[in-house]
*Asks:* 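Here it is: the structure, laid out below.
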Amino acid sequence: MSRNLALKSARAARDMTQKDLAEAVGVSRQTINAIEKGEYNPTINLCRAICRALGKTLDELFWEEETTDEKTEK
């Protein structure tokens with residue numbers, strides 16, 4: 001799992017700390033940290049809550065587009 005830099009960037013753009021975001025979505029700060037570091041795969045419900053809190057879509061924060069190399073390997 002790769003780091004979620006989009007989430008970290010969106011959170012920072014809203015001037016929110018990990019603790020602020022965690023409180024807004026009802027999880028611990030450690031959970032937000034683990035998601036940003038790519039160490040935890042959140043449920044779809046948590047993803048949706050994070051998106052609502054940050055004003056972003058699932059595509060913007062959690063869905064990674066395949067690169068050309070990945071498409072040709074399949």
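Values reported hereafter were calculated over all heavy atoms of this structure, with side chains retained and with hydrogens, waters and symmetry mates removed.
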*Asks:* Working to the nearest 0.5 angstrom, can you tell me the gap between Arg3 CZ and Glu39 CD?
*Replies:* 8.5 Å
*Asks:* About how many Å separate CG of Asn41 and SG of Cys47, when rounded to the nearest 0.5 Å?
*Replies:* 7.0 Å
*Asks:* According to the side-chain hydrogen bond (donor to acceptor under 3.5 Å, both in side chains) rule, which pairs have a member within residues 42-58, sequence neighbours left out?
*Replies:*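 Found Thr57-Glu60.
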*Asks:* Hey, any chance Trp63 and Leu5 share a hydrophobic cluster, counting ILVMFWY side chains that come within less than 4.5 Å of each other, even indirectly?
*Replies:*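 Cluster IDs for Trp63 and Leu5 differ.
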*Asks:* Starting at CG of Leu54, measure out to CG of Leu7 and round the result to the nearest 0.5 Å.
*Replies:* 6.5 Å
*Asks:* So how far is it from Ile32 CD1 to Tyr40 OH, rounded to the nearest 0.5 Å?
*Replies:*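 Taking CD1 in Ile32 and OH in Tyr40, the distance rounds to 9.5 Å.
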*Asks:* Taking side chain as C-beta onward, heavy atoms only, is Ile35 less than 4.5 Å from Phe62?
*Replies:*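 Yes - at least one pair of side-chain heavy atoms lies under 4.5 Å apart.
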*Asks:* For residues 16-25, run the donor-acceptor check on the side chains, cut-off 3.5 Å, and write out each pair with its distance to 0.1 Å, sequence neighbours left out.
*Replies:*
unit_1, atom_1, unit_2, atom_2, d
Thr17, OG1, Lys19, N, 3.3
Thr17, OG1, Asp20, N, 2.9
Thr17, OG1, Asp20, OD1, 3.4
Thr17, OG1, Asp20, OD2, 3.2
Gln18, OE1, Arg29, NH1, 3.3
Gln18, NE2, Asn33, OD1, 3.3
Gln18, NE2, Glu36, OE1, 2.9
Asp20, OD2, Thr17, N, 3.0

*Asks:* Ignoring hydrogens and geometry, is there a side-chain-to-backbone donor-acceptor pair from Asn4 to Leu61 under 3.5 Å?
*Replies:* yes
